[in-house]
Amino acid sequence: MKKRVVVTGMGAITPIGNSVDAFWESVKQGKIGFDRISYFDPSEFKCKLAAQVKDFDASNYMDKKAARRMEQFCQFAVAAAKEALEDAGVDMEKEDAFRVGCSVGSGIGSIQAMEREHTRLVEKGPSKIGPMFVPLMISNMAAGNVSIAYGLKGKNINVVTACATGTNSIGEAFRTIQYGDADIMVAGGTESSITPLGVGGFAALTALSPCEDPARCSIPFDKDRRGFILGEGAGIVILEELEHAKARGAKIYAEVAGYGCSADAYHITSPAEDGSGAVAAMLNAVKDAGIQPEDITYINAHGTSTHHNDLFETRAIKKAFGEHAKDIRVNSTKSMVGHLLGAAGAVEFVTCVKEIEEGYIHRTVGLQECEEEMDLNYCKESYEEEVPYALSNSLGFGGHNASILIKKYLG
């Protein structure tokens, strides 16, 4: 018998709030986190806007010496993990540390470190490359630093599946507990790639929106969408085996019910045009949960605001759910925070849990008008209604598809 897995804590660092409460309040207000890039002068770049984290001070979450040994993507992860562990009330002195694991992914790692050390190489030669360059840069260091900071000695993994990283990281943590390899998993994703090379690279792919109006730059499912806006931050959740959570009197936010994955095997950046890969991921998650497709009434879409993603994801939802698709609420959190890459699915997972908890489905901010084929309910307005299940989709470059199904905890 697979073990039941519940959510007992959450943490978030986002462009619209540096805690779960601040983030969620901003979501309900429809607040957007887009502004002109301040990390560097974007004047010569095709995309000049981003969704940066504001007012983040790593010393509020860790000592300054530890912070200096981390790049920003790691700092975000350690900060969000601190909030999540405190929210869950996990006392590591009372836990078997080898039964508490970590599954925190980053799609890229530190582009900042790459840019900085490459400049040193070119200008001063190889002897001037910093000795900490590699451990600062590689993407698994988010999981490594979270584990070190909080004494987590169980399974420690870093899933890297581009934009699906956050969802896969939580999904693999879910499986780890289901099959008895851990009692608690600290899981999620983190990213900080708003740099000249990051913005320039995605712009060269024509993936980023050139729009300079913050209110219209990230508009998933809108007929005028022109690309996504880079965001940054981290989402971390505490997943726990149900009986373990009950034994220590933990608050239970929701239950993780299903997890599904697939590959498009089609193109390195474009989803399959018929949505077949995303269909398989969604239906695999539904099957894993032991429910029927008709039980799904809400989907937190990948919804990037690119022409291909939003159209092909729409096709996938229609193909997976048939006529019932018209009865499903579909929204995109990226309309407020942009695309957090490896952190996207994790922050959206937090969003889904809050929606289930409060019976509230947020609107897709900025959405005005869709083209003919885009005929689902993309939530131009918010809804106050019970959310028994939330299906969250993440689709990554390379054809990675991941869907995770969360349900209301009923005991």
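Hydrogens, waters and symmetry mates are skipped; everything else that's a heavy atom, side chains included, is used.
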Y259 and N168: side chain donor to acceptor below 3.5 Å: yes
salt_bridge(E243, R4) N-O dist < 4.0 Å: no
Quick one: does I361's side chain get under 4.5 Å of N331's, heavy atoms only? yes
Using a distance-only test with no angle check, is there a side-chain donor-acceptor pair under 3.5 angstrom linking H302 and T304? no
Those residues at least two apart in sequence (or on a different chain) that pass salt bridge (charged side-chain N to carboxylate O under 4.0 Å, His left out) with E355 are none
Would you say E115's side chain and L197's backbone share a donor-acceptor pair under 3.5 angstrom? yes
Of all pairs that satisfy salt bridge (Lys or Arg N to Asp or Glu O under 4.0 Å), the ones with a partner from residues 75-84, not counting sequence neighbours: K82-E86
Between L340, L49, I194, I37, which is the residue that forms a side chain to side chain contact (heavy atoms under 4.5 Å, CB included) with L230? I194
Those residues that, when tested against A58, pass side-chain contact (heavy atoms from CB on, under 4.5 Å) (two or more places apart): F56, M62, A67, Q75
N/O donor-acceptor pair under 3.5 Å between N377 side chain and V330 backbone: no
Under a 3.5 Å distance rule, please check whether S209 uses its side chain to pair with a backbone N or O of I229 as donor and acceptor. no
Could you go through the side-chain hydrogen bond (donor to acceptor under 3.5 Å, both in side chains) check for S110 and Q72 one step at a time? CA-CA 8 Å; S110 178; Q72 190 162 260; over 6 Å; no
Main-chain N/O of A162 paired to T165 side chain as donor or acceptor, under 3.5 Å: yes
Side chains of T314 and L376, heavy atoms from C-beta outward: is any pair under 4.5 Å? yes
Which pairs with one or both residues in residues 326-339 pass salt bridge (Lys or Arg N to Asp or Glu O under 4.0 Å), sequence neighbours excluded? K326-D375, R329-E385, K334-E348
Keeping to residues at least two apart or across chains, list the salt bridge (Lys or Arg N to Asp or Glu O under 4.0 Å) pairs with something in residues 228-242. E240-R248
Pair L391, N300 - check side chain to side chain contact (heavy atoms under 4.5 Å, CB included), show working. CA-CA 6 Å; L391 183 65; N300 188 296; over 6 Å; no
Between N393 and E313, is any side-chain donor less than 3.5 angstrom from a side-chain acceptor? yes
Residues K251 and E357 bridged, charged N to O under 4.0 Å: yes
Among residues at least two apart in sequence or on other chains, which ones pass side-chain contact (heavy atoms from CB on, under 4.5 Å) with A316? A278, V279, M282
Looking only at side chains, do E273 and H267 share a donor and an acceptor under 3.5 Å apart? no
Say whether, by atom type as modelled, one donor and one acceptor occur between the side chain of Q112 and the main chain of E71 under 3.5 angstrom. no
Can you name the residues that form a salt bridge (charged side-chain N to carboxylate O under 4.0 Å, His left out) with D224, not counting sequence neighbours? R216
Answer yes or no: is there a side-chain heavy-atom contact under 4.5 Å between R363 and Y383? no
Holding to side-chain contact (heavy atoms from CB on, under 4.5 Å), I want the full list of residues that pass it with V286, two or more places apart in sequence or in another chain. I291, P293, I296
Does N145 reach the main-chain N or O of M141 with its side chain, forming a donor-acceptor pair under 3.5 Å? yes
Verify whether one side chain among D181 and T176 offers a donor that lies under 3.5 Å from an acceptor in the other. no
With sequence neighbours left out, write down each residue that passes salt bridge (charged side-chain N to carboxylate O under 4.0 Å, His left out) with D213, or none if nothing qualifies. none
With sequence neighbours left out, write down each residue that passes side-chain contact (heavy atoms from CB on, under 4.5 Å) with E373, or none if nothing qualifies. L311, R315, K318
Answer yes or no: is there a side-chain heavy-atom contact under 4.5 Å between H400 and V160? no
Which label fits F221 and Y378: parallel for a plane angle under 30°, tilted from 30 to 60°, or perpendicular past 60°? parallel
Where the side chain of K319 meets the backbone of D274, is there a donor-acceptor pair that is under 3.5 Å apart? no
Hydrogens and angles aside, do D264 and N401 bring a side-chain donor and acceptor to less than 3.5 Å of each other? yes
No-hydrogen, no-angle side-chain donor-acceptor test under 3.5 Å, D41 and S43: yes
State whether the side chain of H324 and the backbone N or O of E294 hold a donor-acceptor pair below 3.5 Å, judged by distance alone. yes
Side chains of V365 and I32 in contact at under 4.5 Å (non-hydrogen atoms): yes
Between T167 and S394: side-chain donor-acceptor atoms closer than 3.5 Å: yes
Do Y409 and L242 touch side chain to side chain, with heavy atoms closer than 4.5 Å? yes
Would you confirm whether the ring centroid of F45 sits within less than 6.0 angstrom of the ring centroid of F40? yes
Pairs flagged by salt bridge (Lys or Arg N to Asp or Glu O under 4.0 Å) wherever residues 162-178 is involved - sequence neighbours left out: R175-D288
Test item: S169 side-chain N/O and A187 main-chain N/O as donor-acceptor pair under 3.5 Å: no
Partner residues of R120 under the salt bridge (charged side-chain N to carboxylate O under 4.0 Å, His left out) criterion, sequence neighbours left out: E117
Would you mind reporting whether V237 and V350 have side-chain heavy atoms less than 4.5 Å apart? yes
May I ask you to test the I16-W24 pair for a side-chain heavy-atom distance under 4.5 Å? no
